[in-house]
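Read the structure below first, then the notes.
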Amino acid sequence: MKIHEYQARELLMEAGAPVPPGAMTETVEEAVAEATELLEAGSDMVVIKAQVHAGGRGKAGFVKLVRTRDEARSAAEFMLSNRMTSPQTPPDGLEVTRLLVASGVDIESEFYLAITVDRARSTYTLIASAEGGVEIEKVAEESPELILKEPLDPLLGLQAWQARKMAFRLGLEGKQVGQAVKAMMAVDSLLRSRDATLVEINPLVVTPASPTHPDGQVLAIDAKLNFDDNALFRQKEIHALADPGEEDPAEVHAQKFGLSYVALDGNIGCLVNGAGLAMSTMDIIKLHGGDPANFLDVGGSADREAVTEAFRIILSDSKVKGVLVNIFGGIMRCDTIAEAIVESAQEVGFNVPLVVRLEGTNVEAARAILRDKQSELPTMRSAEDLTEAAKMVCGLVAD
Amino acid sequence: MSILVNGSSKVLCQGITGASGAFHTRGCLDYGTRMVGGVTPGKGGQTDANQLPIFNTVAEAVEATGADATMIFVPPPFAGEAIIEAADAGVKVICAITEGIPTQDMVRARAALAGFPESVLIGPNCPGIITPGRRVAGTGPTATFQDGCKIGIMPGYIHTAPEDASTGRSVGVISRSGTLTYEAVWQCSELGIGQTTCVGIGGDPVKGLNYIELLSMFNEDPDTHGVIMIGEIGGSDEAEAAEWIKQHMNKPVAAFIAGRTAPPGKRMGHAGAIIGGADDTADAKIAVLRACGANVAESPADLGIAMAEAMGLKTVGSS
């Protein structure tokens with residue numbers, strides 16, 4: 001689960017990380033009022049950022065630095081009355097309903113700071129770099145020696161000495177060290193208390209020296225948090241932060257039926273049991289020249305109703321020109337799938353080619369059901385094995 | 001021979017009175033597994049539908065039954081500590097079937113397990129482990145088997161014991177995916193290739209036994225002639241296993257990596273199946289496995305054939 005930048009900022013602040021002053025606003029008037037307040041309190045500039053889950057905001061004009069009340073007004077008006085489009089959004093863009101208005105800061109140096117799950121070590125690892133403010137994947141690829149890592153004890157978490165060690169390795173000096181340690185400890189506490197799988201501050205900045213802060217100030221400017229979906233049952237506050245408007249409605253709907261669904265760009269719908277087999281089914285479609293329209297794992301214990309719903313979701317995608325059903329019955333019984341196919345034919349109707357490959361538990365009973373109802377399923381073809389099924393559906397869709 | 005479990009393994013079910021625990025306890029008994037009891041706190045002293053004794057704690061169950069293996073169907077909020085309880089009671093093979101355990105709970109469980117070097121964890125979020133038994137009667141789903149050990153949710157009848165393998169060859173299977181494992185096993189059985197033991201290591205990012213530990217066990221097992229390794233997008237386990245294969249493996253390895261067509265940044269069903277960076281992709285894993293000598297199947301339909309080829313067996317047709 002992902003949350004908005006302004007929410008991440010609030011959680012970081014609660015955990016004790018220093019952030020520049022600011023607030024989330026929902027109207028042009030609120031945004032202008034907040035910007036005015038910050039400017040009057042002594043900020044030279046204010047940054048206004050659209051709160052959407054997609055990246056590429058800066059290039060699209062949805063992150064703006066303003067220095068006056070009028071500039072703030074025109075920036076807020078633009079963002080709240082236009083849809084944001086970037087390479088990471090759907091072609092028709094995303095509606096912007098919230099703006100983060102925060103004090104802009106001068107930057108002396110930028111750092112990257114994160115704690116994330118370390119799968120290879122079965123623990124968490126602190127990751128930091130003096131190359132902040134840019135895409136960390138790029139740094140990792142081009143100059144991996146600039147990425148510093150500190151594995152954490154799985155039970156103790158980040159210890160202050162480890163944070164200090166990291167701060168010195170990053171080249172911080174004087175009072176910056178203590179401030180950076182505080183930010184790192186906040187990241188660790190946030191990760192554990194909220195069951196996050198990633199807490200990332202990028203950039204963590206040091207501001208230039210000033211009379212009030214002779215060593216500069218360490219501030220978290222932007223943050224990204226990912227939460228463990230498996231832990232949402234005990235993270236009610238985090239779960240409540242989910243923005244349904246940011247999620248694919250079909251995926252949310254599928255979850256209600258215990259279905260795991262991800263929409264893709266192709267035209268061959270797939271209905272499969274098991275995540276690995278579902279991914280492989282997409283792969284084999286591609287291998288034989290087709291293009292999968294979705295990932296769909298009905299799971300091991302789906303009943304007829306859930307499977308029928310799965311067909312409804314697949315067929316409601318207007319791009320779908322054919323459907324491949326690939327089931328290896330283990331816990332899932334093939335006859336349940338066959339009954340759901342018959343029910344879907346009656347309720348939803350298959351007006352596109354349907355290729356069915358069934359193997360495993362109760363496959364004979366399933367084949368008998370489909371044979372009996374052949375007349376109600378004019379577009380259905382049965383395949384003997386996975387390769388034949390993939391070739392068949394690709395051929396039928398290409399025709 | 002086999003690894004980890006065999007016909008004499010005595011198996012418990014933690015969460016035996018839940019719907020899944022009860023259903024699969026029955027399935028394991030039907031396959032011939034020596035199920036010896038179950039654990040549900042508060043229901044100690046009762047028996048389940050199969051007359052198996054139920055205990056309040058794993059320690060009591062182990063003391064009374066001598067169980068050395070367990071399958072865990074405990075719901076996600078309590079499954080992490082159920083793993084630790086099993087290790088503390090001295091259970092050697094802990095198989096966690098439960099899907100949806102919080103990552104933080106698994107990090108803690110793994111840390112706690114370091115104090116119990118005699119215990120191994122399989123899973124979580126996996127189909128389990130099976131050492132196939134010899135077929136004694138019938139065919140297909142109604143066949144009966146003996147001397148095998150099925151701990152988990154996989155359909156037993158698709159497996160072939162080494163004694164029943166017409167080619168005289170048998171393989172080990174290690175997989176992050178459930179149904180894709182069945183696919184591989186089914187293809188092998190159709191080709192007359194037996195299986196010594198099949199292990200589902202699960203689809204979670206933090207888990208128990210991983211490819212390298214299991215490859216090493218299969219490497220030592222005289223009846224295992226090759227290994228099928230099934231991976232997917234996300235993490236670096238397959239790449240690390242590939243390096244290990246290159247340096248240590250003295251048996252042929254066939255592999256398949258699911259998710260070549262998966263988009264980056266999207267979780268594909270399994271909690272661990274998500275592309276975060278370039279090394280997470282199927283293509284990167286396939287490339288390193290090939291460079292390290294594994295025979296990687298292009299298609300999930302060719303897993304059995306890829307294994308047969310790698311072992312030098314002649315097969316008819318390929319797709």
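All values reported here derive from a predicted model rather than from experimental measurement. Within every chain, numbering begins at 1; the chains are lettered A, B, ... in the order of the sequence lines, protein sequences first and strands thereafter.
Taking a 6.0 Å sphere around CZ of B/Phe78, one finds it holds 12 or fewer heavy atoms contributed by other residues, nucleotides or ligands. Atom NZ of A/Lys149 has 12 or fewer heavy atoms from other residues, nucleotides or ligands within 6.0 Å.
For B/Met268, the parts lying under 4.5 angstrom from a heavy atom of chain A are both the backbone and the side chain. In this structure, chain B has no heavy atom under 4.5 Å from any part of A/Glu364. For B/Ile158, the part sitting under 4.5 Å from any heavy atom of chain A is the side chain, from C-beta outward, and nothing else. For B/Pro77, the parts lying near chain A are the backbone and the side chain together; criterion is any non-hydrogen pair under 4.5 Å. Residue contact with chain B, scored on non-hydrogen atoms closer than 4.5 Å, involves the side chain of A/Tyr124 exclusively. Both the backbone and the side chain of B/Glu183 come within less than 4.5 Å of a heavy atom in chain A. The contact between B/Arg267 and chain A is made by backbone and side chain atoms together, counting heavy-atom distances below 4.5 Å. Interface remark: B/Glu240 contributes side-chain atoms only to the contact with chain A (heavy atom separation under 4.5 Å). Of the atoms belonging to B/Ile257, it is backbone heavy atoms, and not side-chain ones, that fall under 4.5 Å from chain A. When heavy atoms are compared at a cutoff of 4.5 Å, A/Glu251 approaches chain B solely by way of its side chain, counted from C-beta outward.
Contact tally against chain A (heavy-atom pairs below 4.5 Å) for B/Gly234, B/Gly27, B/Ala262: the top residue is B/Gly234. Of the residues considered (B/Gly231, B/Pro263, B/Gly100), B/Gly100 shows the highest number of contacts with chain A, using heavy-atom pairs under 4.5 Å. Contact count against chain B (heavy-atom pairs under 4.5 Å) is highest for A/Ile284 among A/Ile327, A/Ile284, A/Asp297, A/Asp291. Listed options A/Gly360, A/Ser122, A/Ser260 were ranked by heavy-atom pairs under 4.5 angstrom with chain B; first place goes to A/Ser122. Between chain A and the residues B/Ser20, B/Gly156, B/Ser177, the largest count of heavy-atom pairs under 4.5 Å involves B/Ser177. The candidate with the highest count of non-hydrogen atom pairs below 4.5 Å against chain B, out of A/Leu296, A/Leu191, A/Asp195, A/Thr123, is A/Asp195. For the set B/Gly203, B/Pro141, B/Gly259, the count of heavy-atom pairs under 4.5 angstrom toward chain A peaks at B/Gly259.
With rounding to the nearest 0.5 Å, the separation of CG in B/Asp279 from CD in A/Glu141 is 8.5 Å. Residue B/Tyr182 holds its OH atom at 8.5 Å from OG1 of A/Thr361, rounded to the nearest 0.5 Å. To the nearest 0.5 Å, atoms NE2 (B/His270) and CE (A/Met279) are separated by 6.5 Å.
Of the possible polar contacts, one joining the B/Thr179 side chain to the A/Asn273 backbone as a donor-acceptor pair under 3.5 Å is found.
Side chains of A/Asp283 and B/Phe256 form a contact here, defined as non-hydrogen atoms less than 4.5 Å apart. A heavy-atom distance below 4.5 Å is not found between the side chains of A/Lys286 and B/Arg260.
Contacts of residues 225-235 of chain A with chain B at a heavy-atom distance below 4.5 Å involve A/Asp228, A/Asp229, A/Asn230, A/Ala231, A/Phe233, A/Arg234, listed in sequence order. Contacts between residues 106-115 of chain B and chain A, counted as heavy-atom pairs separated by less than 4.5 Å, involve B/Val107, B/Arg108, B/Arg110, B/Ala111.
For the residue pair A/Gly276 and B/Leu180, the shortest heavy atom distance occurs at O-CD2, 3.7 Å. Counting all heavy atoms, side chain and backbone alike, B/Thr261 lies closest to A/Met282 at OG1-CB, 3.2 Å.
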